[in-house]
Asker: 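Would you mind keeping the following structure in view while I ask a few things?
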Amino acid sequence: MSDTPIHTPLDAIAPDLDQIEDIAHATLAALPPAFKVLASQIALSVSDFAPEDLLGEIGIEDPFELTGLYTGIPLTEKSVMDQATAPDTIWLFRRPILDEWVMRGNVTLQQMVAHVTIHELAHHFGWSDEDIATIDKWWVVD
């Protein structure tokens with residue numbers, strides 16, 4: 001990604017849930033063919049914030065701390081014996097994404113949403129936050 005943001009009309013207003021979802025779908029559609037096939041098997045869910053019970057499960061108190069989440073069984077752990085109880089899902093949380101986008105100030109909204117989407121997709125591929133951080137310096141693991 002370029003360090004210089006290219007601002008578009010979408011950057012001028014806070015997008016709704018559908019606009020965030022459209023950006024995420026466009027991001028997945030632009031993947032190389034091999035990744036696109038694997039990504040097509042994942043559900044995408046966009047909401048303003050993560051549900052309280054989900055935040056509690058992962059130990060996060062402030063809902064603004066979570067921009068996205070992958071739920072499911074990573075490809076590196078899947079087995080033909082697994083009984084899926086829910087589809088693998090990439091969750092995007094609009095309000096925290098918008099807050100981080102504004103806080104950063106050096107990326108477009110499309111770049112921000114694409115980045116969170118790809119980060120969560122990497123978890124589907126079985127990568128840890130540490131693995132992602134070695135490839136993508138944007139994500140710093142504390």
Asker: Can you name the nearest heavy-atom pair linking Ala39 to Leu31, along with the distance?
Answerer: CB-CD1, 3.8 Å
Asker: For a quick test of reading the model, state the closest non-hydrogen atom pair linking Ser47 to Leu17 and the distance between them.
Answerer: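 Closest heavy-atom pair between Ser47 and Leu17: C-CD2, 3.6 Å.
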Asker: Do Leu44 and Leu75 land in one hydrophobic cluster if side-chain heavy atoms of ILVMFWY residues count as linked below 4.5 Å?
Answerer: yes
Asker: For a 4.5 angstrom cut-off between non-hydrogen side-chain atoms, does Phe64 reach Phe49?
Answerer: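 Sidechains of Phe49 and Phe64: in contact.
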Asker: Give me the atom names and distance for the closest heavy-atom approach of Leu28 to Lys36.
Answerer: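 Scanning both residues completely, I find the closest heavy atoms to be O-CG, 3.8 Å.
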Asker: For Val107 and Gln111, which heavy atoms make the closest approach, and how far apart are they?
Answerer: CA-OE1, 3.3 Å
Asker: Where is the tightest heavy-atom contact between Lys78 and Asp88, given as atom of each residue plus distance?
Answerer: NZ-OD2, 2.7 Å
Asker: Could you state whether Ile60 and Ile97 fall into the same hydrophobic cluster, counting links through intermediate Ile, Leu, Val, Met, Phe, Trp or Tyr residues with side-chain heavy atoms under 4.5 angstrom apart?
Answerer: no
Asker: What verdict does the side chain to side chain contact (heavy atoms under 4.5 Å, CB included) test give for Thr27 and Leu121, after you've listed the backbone C-alpha separation in whole Å, the side-chain angles of each residue and the deciding distance to 0.1 Å?
Answerer: CA-CA 11 Å; Thr27 298; Leu121 181 62; over 6 Å; no
Asker: Between CG of Leu66 and CD of Glu61, what distance do you get to the nearest 0.5 Å?
Answerer: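 CD of Glu61 is found 13.5 Å from CG of Leu66.
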Asker: Against Phe93, only a single residue in Asp48, Leu98, Leu69, Thr67 fulfils side chain to side chain contact (heavy atoms under 4.5 Å, CB included); can you say which?
Answerer: Leu69
Asker: Per the ring-ring contact (aromatic ring centres under 6.0 Å, His included) rule, what does the pair list look like for residues 27-47, sequence neighbours excluded?
Answerer: Phe35-Phe125
Asker: Atom CE in Met112, atom CE in Met103: separation rounded to 0.5 Å?
Answerer: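 Going from CE on Met112 over to CE on Met103, the span is 7.5 Å.
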Asker: What's the spacing between Ile20 CD1 and Gln110 CD if we round to 0.5 Å?
Answerer: 9.0 Å
Asker: Could you check, using the six-membered ring where one of them is a Trp, whether His119 and His115 have ring centers closer than 6.0 angstrom?
Answerer: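 Between His115 and His119, which both carry aromatic rings, the centre distance is not below 6.0 Å.
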Asker: Under 4.5 Å between side-chain heavy atoms, counting indirect links through other Ile/Leu/Val/Met/Phe/Trp/Tyr residues: same cluster for Val46 and Ile118 or not?
Answerer: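 Cluster IDs for Val46 and Ile118 match.
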Asker: Under the side chain to side chain contact (heavy atoms under 4.5 Å, CB included) rule, what do Ile90 and His124 come out as? Steps first, then yes or no, please.
Answerer: CA-CA 9 Å; Ile90 291 175; His124 174 66; 5.9 Å; no
Asker: Count I, L, V, M, F, W, Y as connected when their side-chain heavy atoms are under 4.5 Å apart, and connections chain through other members. Are Ile42 and Leu38 then in the same cluster?
Answerer: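 Ile42 and Leu38: one cluster.
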Asker: Any idea which heavy atoms bring Leu92 and Ala24 closest together, and the distance?
Answerer: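 That closest heavy-atom pairing would be CD1-CB, 3.5 Å.
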Asker: Among all residues two or more places apart in sequence or in another chain, which pass the side-chain contact (heavy atoms from CB on, under 4.5 Å) test with Ala26?
Answerer: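 Here no residue qualifies.
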